[in-house]
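Here is the structure we will look at.
In each ligand, atom 1 is the first atom listed, and ligand 1 is the first ligand listed. Note that the structure is a prediction, hence the values are computed from the model and not measured.
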Amino acid sequence: MNTSHERTIRPARNVTGSLNLPGDKSISHRYGMLAAFAEGTSRFSNFSTGADCASTLACMEALGAQVKKLDDGVVEVTGVGGKVTPSKHALDCGNSGSTMRMMSGLLAPQWGGFTLVGDASLSRRPMERIRAPLAAMGAQLTLTLGHAPIMIQGTPLKAIDYTSPVPSAQVKTCVLLAGLQTEGTTTVRESVRTRDHSELALRAFGAELTREGNSVSIEGPQRLHAIEAVVPGDLSSAAFFLCAAALFPGSALMLHHLGMNPTRAALLDVLTALGAEIAVLNLEEKHAELVGTVQVSAPAGGLRSTEISGALSAQLIDELPVLAAIAPYTSGGIRIRDARELRVKESDRIDLVAKNLRAMGAELKEFEDGLEIPGGQTLHGTTIDSGGDHRIAMAFSVAALRASGDTLIQGAESAAISFPEFFDLLDKIAER
Ligand code: S3P
């Protein structure tokens with residue numbers, strides 16, 4: 001029998017069905033944080049059900065915002081009107097890098113002292129990337145050997161023009177949230193255009209920003225007002241099911257009301273390059289976020305091969321584990337380079353993907369910044385060590401669908417970080 005920390009995944013014959021997925025994690029973090037900071041009461045339906053976004057809401061509640069979950073599932077957030085109340089206790093960001101990095105920018109110009117802590121995984125992740133720009137703005141922020149706990153003594157900041165050395169939407173957002181509250185124009189320049197949910201959300205909450213190529217500027221100080229919104233379904237969660245469907249000729253999967261923001265949708269191009277048939281229907285725009293229905297079916301002759309490198313690796317960063325996990329089942333394999341960032345996610349995802357694929361019998365090459373996984377391989381069920389990383393647990397549950405024999409996923413409970421419904425929905429669409 002499985003414990004709540006383990007899940008057995010049986011091979012599937014096919015993947016079919018039609019689903020609505022819970023709200024996007026990145027958008028929910030931003031809507032939750034901005035609503036809690038804004039003036040007035042915001043309401044969100046289809047808010048992310050993941051533990052990460054609950055961490056953001058809990059931290060913002062500890063800073064004076066009010067959060068209510070209404071009977072119809074709507075999340076209601078009453079904001080602090082631009083001024084938080086310092087909390088006596090440390091703010092617990094749990095497993096969530098987005099919460100910790102974005103909130104640091106929000107709090108650095110506020111009045112009072114704040115301590116931000118996280119779980120063991122988050123406490124190993126690099127925080128110098130946010131300390132450097134905030135310090136350049138004059139923030140008083142101390143790390144613990146480059147990591148959390150983060151101590152902030154809030155103080156007025158000065159605007160900067162910052163070129164980010166890492167392609168990171170979290171770093172960009174951190175600086176923009178500090179810039180929102182700082183006199184003058186703060187600019188963030190990036191070499192790769194990272195997800196732009198913060199820019200779109202800030203505008204939805206009433207702020208003005210300007211974009212020129214890959215740089216974005218905000219003139220502070222500005223005030224935010226409450227909004228009502230439906231959060232689009234999470235494309236990074238959908239990625240597991242889209243990849244699962246792409247593995248089975250004869251599959252037919254339809255996912256409704258999915259976020260289709262172009263800075264997030266590169267997976268659809270990669271699946272198309274692999275030969276999957278993808279259709280996007282009913283495209284519409286809500287608070288400047290594109291939303292649509294995605295239909296996927298697998299090619300009769302199986303998936304082909306592809307290379308993911310350069311800017312594409314940054315744009316696909318959350319989808320790389322599942323793409324790597326299905327790579328052995330393609331005919332020509334998948335090569336991933338320029339993805340060093342994978343090593344500093346919730347786990348070292350290059351290391352864990354390599355280790356678990358090998359445990360299933362795959363051959364592959366591991367690089368400092370990626371993986372080369374030949375196609376045409378058959379995998380067998382085994383015990384998977386997810387390392388407590390939600391995306392590793394879910395990626396290998398997908399690989400398990402085409403393996404011979406059962407696969408035991410250890411640390412399966414971690415799926416709840418972003419997608420608590422994952423295993424139930426996987427059971428629904430996997431035909432056995
Ligand atoms: C996120 C940005 C990405 C991504 C993470 C969510 C965000 O991280 O991996 O899951 O919501 O801004 P980086 O900003 O570190 O690349």
Side-chain angles (χ1 to χ4, degrees), residues 23-34 47-48 50-57 93-106 118 121-122 124-133 147-148 162 164-177 188 190-202 214 216 231-232 234-240 259 261 263-267 289 308 311-323 336 338-350 369 389-395 414-415 417-419:
D24 185 83
K25 176 162 89 70
S26 291
I27 297 175
S28 298
H29 275 305
R30 287 155 173 85
Y31 283 180
M33 199 175 286
L34 295 183
F47 196 82
S48 166
D52 266 7
C53 295
S55 293
T56 287
L57 293 179
C93 304
N95 191 244
S96 173
S98 301
T99 307
M100 184 169 275
R101 295 190 177 123
M102 301 196 302
M103 212 165 55
S104 295
L106 189 79
S121 151
L122 182 54
R124 283 193 293 269
R125 297 181 65 187
M127 292 297 150
E128 175 58 23
R129 54 183 62 190
I130 54 148
R131 194 206 61 81
H147 304 274
Y162 186 66
S164 180
V166 270
S168 164
Q170 294 173 358
V171 172
K172 172 175 64 179
T173 307
C174 168
V175 178
L176 290 176
L177 293 181
V188 186
E190 304 184 288
S191 55
V192 170
R193 180 148 184 196
T194 60
R195 61 191 72 190
D196 66 358
H197 302 302
S198 297
E199 295 91 305
L200 303 185
L202 278 162
N214 285 351
V216 55
V231 181
D234 194 321
L235 187 56
S236 299
S237 296
F240 300 103
N261 181 315
T263 62
R264 289 285 297 286
L267 175 74
E289 290 284 359
I308 299 163
L312 190 56
S313 295
Q315 280 164 358
L316 273 172
I317 200 76
D318 291 343
E319 289 73 62
L320 292 179
V322 67
L323 283 167
I336 299 169
D338 305 315
R340 194 171 278 108
E341 272 293 301
L342 281 179
R343 295 211 180 264
V344 291
K345 290 293 176 186
E346 286 82 329
S347 68
D348 178 341
R349 287 180 171 162
I350 293 179
D369 69 343
D389 182 330
H390 55 132
R391 297 206 197 277
I392 299 292
M394 294 188 278
S414 61
I417 288 294
S418 58
F419 195 6

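The two residues Glu346 and Ser121 make their nearest non-hydrogen contact at O-OG, 2.9 Å. Across all their heavy atoms, Met127 and Ala148 have their closest contact at CG-N, 4.0 Å. The minimum heavy-atom distance linking Leu342 with Pro321 is given by the pair CD2-CD, 4.5 Å. Residue Cys53 comes nearest to Ser28 through the heavy atom pair SG-CB, 3.7 Å, listed as atom of the first residue, atom of the second, then distance.
A donor-acceptor contact shorter than 3.5 Å links the side chain of Arg30 to the backbone of Ser26. Under a 3.5 Å cut-off, the side chain of Asp338 and the backbone N or O of Ser313 do not form any donor-acceptor pair.
Residue contacts with ligand 1 for Arg101 involve side-chain atoms from C-beta outward but no N, CA, C or O (heavy atoms, distance under 4.0 Å). Proximity of Arg30 to ligand 1, defined as any heavy-atom pair under 4.0 Å, is confined to the side chain (atoms from C-beta onward). Proximity of Ser98 to ligand 1, defined as any heavy-atom pair under 4.0 Å, is confined to the side chain (atoms from C-beta onward).
Here atom 10 (O) of ligand 1 lies nearest to Asp318 when heavy atoms of Asp24, Asp52, Asp318, Thr173 are compared.
Residues Asp318 and Arg195 are paired through a salt bridge, judged by an N-O separation under 4.0 Å between the basic side chain and the carboxylate.
Counting only heavy atoms of the protein, atom 1 (C) of ligand 1 lies nearest to Gln170 NE2, 3.5 Å.
Those atoms of ligand 1 with a heavy atom of Ile317 less than 4.0 angstrom away are 9 (O). Interface of Lys345 with ligand 1, defined as ligand atoms under 4.0 Å from a residue heavy atom, comprises 3 (C), 4 (C), 8 (O), 9 (O), 13 (P), 15 (O), 16 (O).
At a cut-off of 3.5 Å, with distance as the only test, a side-chain donor of Thr194 or Lys172 sits close to an acceptor on the other residue.
Ligand 1 has an N or O atom lying under 3.5 Å from an N or O atom of Ser168, backbone or side chain. Checked against a 3.5 angstrom limit, the closest N/O atoms of Glu341 and ligand 1 fall outside it.
Under a 4.0 Å heavy-atom criterion, Arg195 is in contact with ligand 1. The closest approach between Met102 and ligand 1 stays at or above 4.0 Å for every heavy atom of the residue.
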